[in-house]
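The structure's right below; bear with me while I get my questions together.
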Amino acid sequence: MKKMTRLLDHPILGKLDDRKAIPFTFDGKTYEALENETIAAALLANGIRTLRIHEESGTPRGFYCNIGHCMECRVTVNDQANVRACLTVVEQCMVIASGKQHPNIVKRMVEQQ
Amino acid sequence: MIDVIVIGAGPAGLAGAITCASSGLKVMVIDEFIKPGGRLIGQLHQELSGEWWNGIKESERLHQEALKQSVDIRSGVSVYNLEKDDDLWNVHTSIGTLTAPFVLAATGAAEYPIPLPGWTLPGVMSIGAAQVMTNVHRVQVGKKGIIIGANILAFAILNELQLAGIHVNRIVLPEKSPLSGKAGEPEEVMKSLLNAAHLAPSPLLRMGSRFMKNDWFRKTGMRFFPKSGVKVNGTPLLLRKAALEVIGTEQVEGVRVADTDANGNIIPGTETVYEADFVCIAGGLYPLAELAAVSGCPFQYIPELGGHVPHHSETMETPLEGLFVAGNITGIESGKIAMAQGTIAGYSIAKHAGKGGTAIVEQLNQSVKNVHLLRKQAAIQFYPDIESGRRKMYDLWEQLYANPARLHTEEKLG
Ligand SMILES: Cc1cc2nc3c(=O)[nH]c(=O)nc-3n(C[C@H](O)[C@H](O)[C@H](O)COP(=O)(O)OP(=O)(O)OC[C@H]3O[C@@H](n4cnc5c(N)ncnc54)[C@H](O)[C@@H]3O)c2cc1C
Ligand code: FES
């Protein structure tokens with residue numbers, strides 16, 4: 001996927017300050033995040049939407065709610081599994097791996113209806 | 001020692017924390033997002049006066065005010081469980097268990113999903129996710145998008161995406177099904193959009209709204225609703241097209257749609273595919289009340305409020321001693337109202353804690369009145385029958401908790 005632009009300028013919200021670039025790795029490859037960016041946002045800016053592979057069906061998954069509710073965005077951060085990419089800020093040299101855990105939350109969301 | 005633990009640093013939680021702290025209580029606020037403000041930080045819309053409601057500014061103001069009152073705010077901390085043990089509440093969090101005599105649960109709202117085939121593909125996201133990515137993280141969600149679901153939140157966020165230069169090419173409805181309910185019926189969608197005509201997303205709807213209130217006109221209007229849709233700030237709103245499936249292998253490539261009749265039934269042989277690299281699902285909001293549920297607080301299903309809400313009084317108490325609620329956990333409304341409810345909860349807690357002297361009763365009354373006023377003036381309202389929903393809850397409270405003797409006689413008689 002193509003890289004996504006960072007929206008540096010905004011007619012109402014204004015310009016973003018210059019932020020430091022922070023290197024991190026995702027599945028062994030090195031990328032750059034900007035300071036205070038979540039893993040989900042940094043990966044999207046680098047053109048990566050797939051955060052996880054569904055263990056049963058093998059289908060790819062990305063962030064869905066972006067605010068911590070759906071658990072779709074779980075990745076492994078510095079060997080800790082099931083970390084929500086949408087709530088976790090990238091830190092210097094973070095080692096991130098796509099999630100491979102068995103999910104059940106989508107089913108639960110559907111059942112809640 | 002902490003007096004009050006506030007769960008959620010949205011407008012309700014922060015306003016509650018500020019009020020408690022200014023009455024002399026020691027307050028800690030816990031929130032799992034990366035910074036305080038809750039869903040307020042994504043919000044950006046123009047008021048009827050033409051002024052911008054800039055959620056980032058509003059939350060910064062609240063945040064600063066809270067810090068000035070020495071509120072201890074912990075971002076990036078999740079609460080997993082909530083239980084009472086004698087006189088104290090135990091709040092189980094990702095940084096350990098915290099205790100306090102008072103808890104304010106202000107966990108806000110979540111979005112209903114629309115689980116159509118293909119909705120788990122990367123690139124499909126809730127409409128709120130797109131709002132946060134755009135206004136908070138400032139990363140482009142995609143180059144060419146489709147919104148599935150036409151409701152107030154969808155239009156508010158469509159506007160925000162357009163402001164940021166993100167292209168949304170179409171808005172279509174979900175396919176009619178027991179799950180999608182009225183959201184899949186063009187006529188019902190039109191009706192709910194017209195109910196919100198004062199904040200109508202398009203001049204056409206605004207103009208037509210007076211006539212369209214008439215049932216006959218609405219039906220006719222729907223039958224003649226142009227196939228190419230009406231434009232909402234340049235994006236076609238296609239009320240007579242239903243999304244059948246999101247297609248793609250590694251990520252979203254498009255949406256398969258079909259034409260529908262005025263009731264939302266698919267017209268066979270009309271399928272087409274619209275290309276897209278991102279899809280936003282706008283299923284509507286519901287109160288996020290899981291924590292109140294695990295605490296043992298009784299619940300009521302009130303559709304006018306958006307779903308299941310914990311039993312609560314107009315002064316934000318729950319039947320559980322020391323547990324208070326405020327904001328969207330009590331019913332879906334705008335950020336301004338959530339904030340004003342937080343203030344009520346703050347005074348209510350201060351009163352229970354014996355703070356604030358004699359003035360507190362009057363302050364509490366005033367804060368309740370303020371919510372009524374704000375509701376009347378609201379520039380954005382997600383559920384049109386909110387007033388009656390609120391009434392239902394407070395009547396139930398009166399029946400169950402304020403006057404238990406009456407309840408018992410009624411039960412005997414009934
Ligand atoms: C995605 C989305 C978009 C919205 N957009 C708009 C809009 O554009 N305009 C508008 O007027 N209204 C909008 N709303 C409605 C919104 O709910 C209210 O405007 C307002 O923000 C509600 O305030 P609140 O304080 O009740 O909750 P929120 O602002 O939602 O704050 C709740 C906070 O609690 C935290 N939290 C929840 N559970 C936990 C937990 N277990 N542990 C730790 N922290 C937790 C959350 O991280 C969040 O920060 C939106 C709601 C959502 C869900
Ligand atoms: S995207 Fe839903 S929890 Fe992260």
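Numbers restart at 1 for each chain; the letters A, B, ... are given by sequence-line order, proteins then strands. Hydrogens, waters and symmetry mates play no part in the numbers below; they use all other heavy atoms, side chains included.
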**Message:** Between H10(A) and R138(B), is there a side-chain heavy-atom distance shorter than 4.5 Å?
**Reply:**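 Yes, at least one pair of side-chain atoms sits under 4.5 Å.
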**Complete:** side chain to side chain contact (heavy atoms under 4.5 Å, CB included) test vs H137(B) passes for just one of T38(A), N36(A), L34(A), namely T38(A)
**Asked** Can you name the closest pair of heavy atoms from I34(B) and L87(A) and give their distance?
**Response**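 Minimum heavy-atom separation between I34(B) and L87(A): CG2-O, 3.5 Å.
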**Prompt:** Taking 4.0 angstrom as the limit, do E32(B) and R84(A) come out as a salt bridge?
**Reply:** yes
**Nearest heavy atoms of A129(B) and F63(A), plus distance in Å** =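 In this case the closest contact between A129(B) and F63(A) is CB-CE1, 4.1 Å.
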**Prompt:** What heavy-atom pair brings P122(B) and G62(A) nearest, and what distance separates the two atoms?
**Reply:**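 The pair with the smallest heavy-atom distance is CG-N, 3.8 Å.
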**Asked** In terms of heavy-atom pairs under 4.5 Å with chain A, which of E250(B), K57(B), H308(B), R39(B) leads?
**Response**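 Option with the greatest count: R39(B).
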**Asked** Taking atom CD of E72(A) and atom CH2 of W119(B), what is their separation to the nearest 0.5 Å?
**Response** 7.0 Å
**Message:** As an exercise: rank L16(A), T50(A), T88(A) by heavy-atom pairs under 4.5 Å with chain B and give me the winner.
**Reply:** L16(A)
**Prompt:** Under a 4.5 Å cut-off applied to non-hydrogen side-chain atoms, are M133(B) and L44(A) in contact?
**Reply:** yes
**Prompt:** What pair of heavy atoms forms the shortest contact from N66(A) to F33(B), and how long is it?
**Reply:**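 Heavy-atom minimum between the residues: O-CE1, 4.1 Å.
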**Request:** Could you please spell out the steps behind the side-chain contact (heavy atoms from CB on, under 4.5 Å) verdict for L7(A) and N135(B)?
**Result:** CA-CA 9 Å; L7(A) 307 165; N135(B) 292 346; over 6 Å; no
**Asked** For the atom pair CD (E160(B)) and CG (L13(A)), what is the distance rounded to the nearest 0.5 Å?
**Response** 8.5 Å
**Item:** Straight-line distance of T120(B) OG1 to H54(A) NE2, nearest 0.5 Å
**Value:** 8.0 Å
**Fill in**
NE2 (H69(A)) and CD (E290(B)) are apart, to the nearest 0.5 Å, by 8.5 Å
**Derivation and outcome, side-chain contact (heavy atoms from CB on, under 4.5 Å), residues R49(A) and M125(B)** = CA-CA 11 Å; R49(A) 288 197 195 270; M125(B) 64 195 82; 4.1 Å; yes
